[in-house]
Amino acid sequence: MRYLFKTDYRQDITLWRHRGDLFWYGLLIVVLLLIPYVLSEFYIGELGGVFVFAVAGVGMMLLAGYTGLISLGNAAFLGIGAYTEAILLAHGVPLVVTLPVAGLFTGLFGILIGLPTLRMSGLYLAIATLAFGSIVGTVFQKWDAVTGGFDGFPVPTPDLFGMPVQGANGIYYLSLFVLVVVLWLSANLLRTPLGRAMVAIRDSEISAQSMGIHLARYKTFAFAVSAFITGLAGALFAHYVRYLAPDAFDVLLSVQFVTIVFVGGLGSLHGVIFGALFVRLLPQFIAIIRDDLPFGIGRMPGLEPSLFGFVLVIVILFEPGGIYGRWIKMKNWFQAYPLKRRTSFRRQKSYARSERLR
Amino acid sequence: MEDAARLLQLVVNGAAAGCIYGLIALGFVLIYKATEMINFAQGDIMMLGGFFAFSLIAHFGLNYWIGALLAILLTAAFGFALDAVVLRRVIGQPQFAVVMLTLGLGFIFRAYAGITWGYDSVGFETPFTNRTINLHGLILGQDNVSIIVGTVLLCGVLYLFFSHTRLGVAMQASSQNQLAAYYMGIPVRTVFSLIWAISAGVAAVAGILLSPVSMIDVNMGFLGIKAFAAAVLGGFGSIPGALVGGVVIGIVEQLAGYFLPAGFQEVTSNVVLLATLILRPQGLFAEIAGKRV
Amino acid sequence: MSLFRADDIAIRFGGIRAVDAVSFDVNEGEVFSIIGPNGAGKTTIFNLISRIYQPSSGRLYFQDRDITEIPAYRIAGLGIARTFQNIELFANATLLQNLLIGRHCHSTVGVLSQLVFLPAVRREELQHREKAEEVIAFLGLERYRDTLIANLPYGVRKVVELGRALCIEPKLLLLDEPSSGLNVEETEGMGFWIEDIKKDLGITVIMVEHDMNLVRMVSDRVMALNYGKVIALGTPDEVQNHPEVVRAYIGGEG
């Protein structure tokens, strides 16, 4: 076990705890950069998909995991980002412009949905965002003059500095780049007053207010940032699927984003990556073992969503810390071996926290 | 005159659809009042109730009334077990954990129904199928009328239950103050499970009443989303509010479908929902209070 | 000089007058206690001062400035900090993060510079950290620095909440039942801290408290409330022996 001897306050605000961390993150980046030269195109494509979902997951995590605002409408943000990207590219706007614009434009929608929902508590917010998502989904379907309706919308191949971004590799590198930038921005956010204000709102609105935190401003900010990031993910998603269908951005997709956050582990950026890996790779895993399953379970329609549902239920009931929480516990267990005690990881007994006046 | 009749027809159809929304919303409200949870699987429980009735009536050939009653009881028992086995464990966890949990349960129910009953729409013969009533030239489907009458009867029964029986009063007490109810010797946890049972039973009634109008299928649970609008409009916490909210949503939806261009009908309930939350978050029948420090 | 003044404030909930025509002055550098039976309106006065409730009538003045219309989130910035009766800490954050959230009203850096973590942000973070460490040292919380609040014992949480309020660097500190849930020793320790806060940090304190020993130990003046009305105001001994106060606590013909 490694002991950290802190000698400087600065050690607590760097993004890595010690040189070891820096080394491993560096190594990870190098490996990720080299992977396309090793793996087949299929796996590169899948990893690209993981990155796209991880970006969207970061957007969800900032909102749900750090600010405590649950949204069941983030698929709408993804859709807005995707259509913005595709439509701008179709008008000949270069990628370096469309990508940030897709994010910013979606961010505006985030403010739009954030503002009226400020006064709502968790459950109302979930319902309101669900309604918002379903309205936007209907608009995608019916407003065919812009979105092409059910005929779909082909996404043009973008150019980046004269090079076409295409194929699995192109999407892979583009998504990886955006993911790293988004993670860096979020990590910065979380070590500054902004991020702390979000955490404060999550844990106690009333005392956040007494600490001088303007609830409305920061909640709207959280929505805007979440929508911005999800919009970026949407732009990447457009390139990933290459053909936008209006019914892709439904409640099920929103639930997948929330699943990323829950299964990965609420309140950690590491968790997003774990969650995205899980949500993207589970369907692939099912596809692989599909034919080997007994009783024709593998050919059952609706297997995927039900498995998502099942995993969600299991995680919430038995491991609220998600994969990342489990990972930390396992790490501690090995580091402390053989001194591990049963009580080390026992959950604090929690009682119902009522929002009602009694 | 023809327009007036047409309008009336729309209103009755809307009211019937609205009663279904109202019944699902009633389930939300009962559970919310007691446990501050929202059961996102309420619509799927309705779907299960409908399928139970289908199995009993169409499959085992039971009489409609007996089959329906058994299906209601079966669904209620299912609701009881759901709370006792699963939901009870998450008391005290953040609210959205419960949201996600019930969403996940909904997916599982849908898959289960898909395996058991298949993915095609099914229906069964009811005393109201394809019959009409002629009221001075106004022709109404008995199926729609049966929904309205059934809802009114059910509400009457529930009202009597909550106000006149020991158990009903105990339930009200537990909803208002868990701790005090517990000290008064009310087995609060069992009572909560019973509330889940009632709410599931009500959902089953909705499913059975709905079956002659629109068939039973795996995805009928999505009606639950419209029922949110009903519950919110009614003030989430008010039982008459949920029903009134449902009827209003149902009628507005029908009128929107008639007077507005295509596409609007589908978003009506969601628009009403958002508008309510923005303009009057306490709903029509307010029962909201802020948190105390 | 009076630091804070309540002028004839009142608030009604439904038909109940929770606070009814209450006026008082708090002088700079004193500890001013509010006592009274349950439901007398003590916490309601705190909620009025911290602007969570809007008074039905009356005015509030802080440093001779009318704060009756100022929104709740700006109160901390003016230099008024508070604690809560039932502890409202940020339970899923570490002690250090909680204290740093207390520094929120002193942060001046913009959103974009925070997102890219400019050197100015780093400098300010280090300043906040230094201030938080001062508070940690003052209250002796060093060993809990990186512990999640959810894992701290109740008594420590109470101190952390005090520390978080101190991080605001307030001129006026509102303590809502600082001793509730604490044992005798912890209560006495709380008393010493309140004295230190007054003497060493020069912070004026308004305290709602039930424990008369603590009230007598630290208070310069005491105000007794019953049914939302002031029934006595003076030194701790004067108030404790005031016939109305005795009657309010012990009962009687009223």
Side-chain angles (χ1 to χ4, degrees), chain A residues 4 6 8-15 17 65-66 68 181-182 184-218 221 224-225 228-229 266-268 320-321 344-350 353 357, chain C residues 13 46-47 50-52 71-78 80-84 87-93 96-98 100-111 113-118 121-122 124-130 132-133 145-146 148-151 161 164-165 167-168 174:
Chain A
L4 272 183
K6 293 182 187 167
D8 194 332
Y9 295 154
R10 254 169 286 190
Q11 279 172 288
D12 276 342
I13 54 174
T14 49
L15 291 177
R17 288 164 300 165
Y66 286 101
V181 170
V182 162
W184 178 68
L185 288 178
S186 310
N188 282 342
L189 184 71
L190 293 173
R191 55 178 171 160
T192 51
L194 273 172
R196 288 196 295 266
M198 287 158 65
V199 169
I201 291 173
R202 175 189 71 190
D203 284 357
S204 169
E205 286 197 5
I206 201 99
S207 77
Q209 213 173 12
S210 303
M211 297 296 120
I213 293 165
H214 190 302
L215 296 182
R217 189 178 300 156
Y218 283 94
F221 173 77
V225 168
F228 170 77
I229 294 175
L266 273 178
S268 88
S344 306
F345 309 124
R346 185 171 293 164
R347 262 152 67 195
Q348 286 262 325
K349 199 166 174 59
S350 53
R353 282 188 55 175
L357 193 73
Chain C
F13 296 118
F46 272 19
N47 286 342
S50 51
R51 308 289 309 109
I52 294 171
Y73 70 92
R74 284 188 46 206
I75 288 297
L78 293 177
I80 302 179
R82 76 170 285 185
T83 67
F84 295 85
I87 303 189
E88 289 281 337
L89 282 170
F90 308 115
N92 297 307
L96 184 62
Q97 284 171 322
N98 268 270
L100 288 174
I101 293 170
R103 300 292 303 161
H104 186 89
C105 54
H106 295 284
S107 105
T108 53
V109 284
V111 171
S113 42
Q114 294 186 46
L115 281 176
V116 293
F117 213 72
L118 289 183
V121 179
R122 182 181 296 272
E124 203 184 86
E125 280 299 298
L126 290 173
Q127 283 164 12
H128 289 331
R129 178 66 190 270
E130 219 150 290
E133 289 293 337
R145 192 183 282 123
D146 290 322
L148 286 186
I149 297 298
N151 298 331
E161 211 183 23
R164 189 181 63 179
C167 276
I168 294 177
L174 311 176

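Lettering follows sequence order; numbering is per chain, from 1. What's counted below: heavy atoms across the whole structure, side chains too, no hydrogens, waters or symmetry copies.
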Measuring heavy-atom distances to chain A, does [X] have an atom under 4.5 Å in its side chain, in its backbone, in both, or in neither?
X	answer
C:Leu78	neither
C:Ile168	side chain
C:Arg122	both
C:Asn98	neither
C:Glu161	neither
C:Val121	side chain

* Is any side-chain heavy atom of A:Leu215 less than 4.5 Å from a side-chain heavy atom of C:Tyr73? -> no
Q | side chain to side chain contact (heavy atoms under 4.5 Å, CB included) evaluation trace for A:Met211 with C:Arg164 | A | CA-CA 9 Å; A:Met211 297 296 120; C:Arg164 189 181 63 179; 3.4 Å; yes
Residues C:Ala76 and A:Gly212: closest non-hydrogen pair is CB-N, 3.6 Å
Taking every heavy atom of C:Leu115 against every heavy atom of A:Asn188, the minimum-distance pair comes out as O-ND2, 2.7 Å
The interface call for A:Arg191 against chain C, heavy-atom contacts under 4.5 Å, is both
Applying a strict 4.5 Å limit to non-hydrogen atoms, the region of A:Tyr218 in contact with chain C is side chain
Could you please spell out the steps behind the side chain to side chain donor-acceptor pair (under 3.5 Å) verdict for A:Ser207 and C:Glu88? CA-CA 6 Å; A:Ser207 77; C:Glu88 289 281 337; 5.0 Å; no
Checked C:His128, C:Arg103, C:Arg51, C:Glu130 vs chain A; the most non-hydrogen pairs under 4.5 Å come from C:Glu130
For A:Leu194, is there any backbone N or O sitting under 3.5 Å from a side-chain donor or acceptor partner on C:Gln114?
yes
Look up atom [atom1] in [X] and atom [atom2] in [Y], then write down how far apart they are to the nearest 0.5 Å.
X	Y	atom1	atom2	value
C:Leu118	A:Thr192	CG	OG1	11.0 Å
A:Asp203	C:Asn92	CG	CG	4.5 Å
A:Ile206	C:Arg82	CD1	CZ	7.5 Å
A:Met198	C:Ile101	CE	CD1	11.5 Å
A:Ser204	C:Phe84	OG	CZ	6.0 Å

